[in-house]
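Below: the structure, in structure tokens.
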Amino acid sequence: MTLIKSISGIRGTIGGKVNESLTPIDVVKFSAAFGTWAKQNSKQNTIVIGRDARPSGEMVSNLVSSTLRGLGLNVVDLGLSTTPTVEMAVAAENACGGIILTASHNPVQWNALKLLNAKGEFISGDDGKEVLEIAENDAYEFAPVKSIGKYRTDDTYIQKHIDAILKLPLVDVEAITAAKFKVAIDCVNSTGGISLPPLLKALGVVQVEELYCEPNGHFPHNPEPLPEHLGDITRIMQKGIYDVGFVVDPDVDRLAMVSENGDPFGEEYTLVAVADYVLSQTKGNTVSNLSSTRALRDVTEKRGGTYEAAAVGEVNVVTKMKETNAVIGGEGNGGIIYPELHYGRDALVGIALFLTHLAKSGKKMSQLRASYPNYHISKNKIDLSPEIDVDKVLEGMQNRYAKQPVNTIDGVKIEFDKEWVHLRKSNTEPIIRIYSESESQATAEYLANKIITDIKEIVSSKS
């Protein structure tokens, strides 16, 4: 069993022993720590919570809400919801924070508490450290009986989220309606099932084939929206009936797409396509993380904007977007962040913007995909023995490739013209993750293997 405490929240497998898995004791302890932190950092007294559909969600939600009320905080419970919906609700409720109960793309035995600040954005690394310290020291104080917090439910926020999307200037409902799109969706039996169908109906999509839209938390396949997990919707798209296939993860912050011929659009290209449309209408800059495709940079520069790379992690991307006044950004895992709506990865706004783009382009999905630079990413890792100093190895790689452009804000990223390699150490294991990109899969893999050989040479020279 597993329990992982980090600056962004707590996640683990349900069941097992305290401090080894995500048990009720651990949920209460961490909820109390976050509630204490939120009270200390805001004059407001409300926290918004919501959850994906996994079977442990209701139990965990009850523990969280009772703990927060015990601290004297009022709780607004959205029930089954999406991560971006909870983020927007925090701001709308003028709350001091939010907790999303979701393990995102992890399997059904996992759950997690994701923590939001008063802006409805993920808490920073420094904030996360404070929460961990409060939990470690049991530094919380519960309210007397007359000051126990109030509790109310609110199931209106998914519709409010959809309404806000429809009001965006770059979402053209008339163009989408006129295109008479037929769409297939896979919502992995989670909260995409209660958010995608009403969104698509409101956008004027004429026909929706719903796969796995019952929010019962029984994932029909691995819930991470990667091509190898999407056999059912791929087979449906290969029939040639539907124009677009949309796939979301359990908490609806990642968007993957399947073209009309059944080919994966590529989750790296979800952001590229949406950014291309946004930049065609709004001049400006873009941001993604260091491990995301170079295609976003190419598209941005073609549109006259500037691209910047951030360290991996949504909070880092958001920080860089604010610094550079980016009009669109996100991560290569299908995470679109559109500040005009809110600073958080949001598959729903991604769908609305993409359908507008597709309608206005007059192209089929496969044709639109073919219009973008075609890069391939190879993802590898190298296991090192525990006694090896991973930081020294990365420093050695930085020195070895000192003549190339090198970025060290998050591991080491080395650029070779239009190719790159990104090396990051794991926070929990003696592992270096190696991502490489090139215009061919074979070259990307060759580049990764060359770097792995270099790392081995550095390790052997230090031993």
Side-chain angles (χ1 to χ4, degrees), residues 1-14 16-49 60-61 63-75 83 86-87 90 95-104 106 110-144 147-149 310-319 343-344 390-391 409-411 424-430:
M1 309 300 276
T2 308
L3 181 68
I4 301 170
K5 301 173 184 177
S6 72
I7 55 176
S8 59
I10 184 172
R11 61 189 168 101
T13 48
I14 298 295
K17 295 181 178 180
V18 175
N19 214 33
E20 292 181 8
S21 306
L22 190 59
T23 70
I25 305 297
D26 295 291
V27 171
V28 168
K29 186 183 181 93
F30 207 74
S31 300
F34 175 71
T36 300
W37 173 86
K39 286 177 68 175
Q40 291 172 352
N41 286 273
S42 174
K43 294 179 181 178
Q44 306 305 320
N45 203 44
T46 298
I47 287 188
V48 177
I49 66 172
V60 174
S61 180
L63 291 164
V64 170
S65 62
S66 295
T67 302
L68 295 173
R69 292 180 65 204
L71 289 166
L73 289 159
N74 299 323
V75 174
T83 285
V86 176
E87 291 171 347
V90 169
C96 60
I99 302 180
I100 307 158
L101 312 175
T102 175
S104 193
N106 287 106
W110 287 77
N111 213 328
L113 280 64
K114 293 186 176 181
L115 310 177
L116 304 173
N117 63 23
K119 296 179 181 178
E121 300 166 13
F122 285 112
I123 62 173
S124 69
D126 289 340
D127 293 338
K129 288 175 184 174
E130 285 184 32
V131 174
L132 288 174
E133 285 175 11
I134 293 169
E136 190 69 29
N137 298 316
D138 290 326
Y140 21 74
E141 184 174 335
F142 292 93
S147 300
I148 291 172
V312 174
E314 180 173 331
V315 66
N316 299 316
V317 174
V318 167
T319 299
Y343 276 106
V390 177
D391 289 322
I409 62 170
D410 184 10
R424 295 180 72 234
K425 70 172 183 175
S426 166
N427 292 325
T428 55
E429 305 167 270

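As the structure is a computational prediction, the values presented were derived from the model and not from experiment.
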Open item on the list: Please determine whether side chain to side chain contact (heavy atoms under 4.5 Å, CB included) holds for the pair K5 and L132, giving the CA-CA distance in whole Å, both sets of side-chain angles, and the decisive distance to 0.1 Å.
Closed with: CA-CA 8 Å; K5 301 173 184 177; L132 288 174; 3.9 Å; yes
- [ ] Before giving the answer on side chain to side chain contact (heavy atoms under 4.5 Å, CB included), spell out for I148 and R69 the whole-Å C-alpha distance, their side-chain angles and the decisive distance to 0.1 Å.
- [x] CA-CA 5 Å; I148 291 172; R69 292 180 65 204; 4.2 Å; yes
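In this structure, I25 places its CD1 atom where only 12 or fewer heavy-atom neighbours from other residues, nucleotides or ligands lie under 6.0 Å away.
Here the CG atom belonging to L73 is positioned 5.0 Å from the CG atom belonging to N45, to the nearest 0.5 angstrom.
Of the possible donor and acceptor atoms, none in the side chain of R11 sits under 3.5 Å from a partner among the backbone N and O of A112. Proximity of a side-chain donor or acceptor of D410 to a complementary backbone N or O of V312 within less than 3.5 Å is detected.
Between F34 and the options I123, I10, D127, a side-chain contact (heavy atoms from CB on, under 4.5 Å) holds for only I123. Here the options are V90, T83, I47, I49, the test is side-chain contact (heavy atoms from CB on, under 4.5 Å), and the partner is L116; only V90 passes. Just one residue in the list T67, L115, I99 forms a side-chain contact (heavy atoms from CB on, under 4.5 Å) with F30, and that residue is L115.
Qualifying side-chain contact (heavy atoms from CB on, under 4.5 Å) partners for A143, counting only residues two or more places apart in sequence or in other chains: S147. Residues satisfying the side-chain hydrogen bond (donor to acceptor under 3.5 Å, both in side chains) criterion with K425, sequence neighbours excluded, are D391.
Residue pairs meeting the salt bridge (charged side-chain N to carboxylate O under 4.0 Å, His left out) criterion with at least one member in residues 31-46, sequence neighbours excluded, do not occur.
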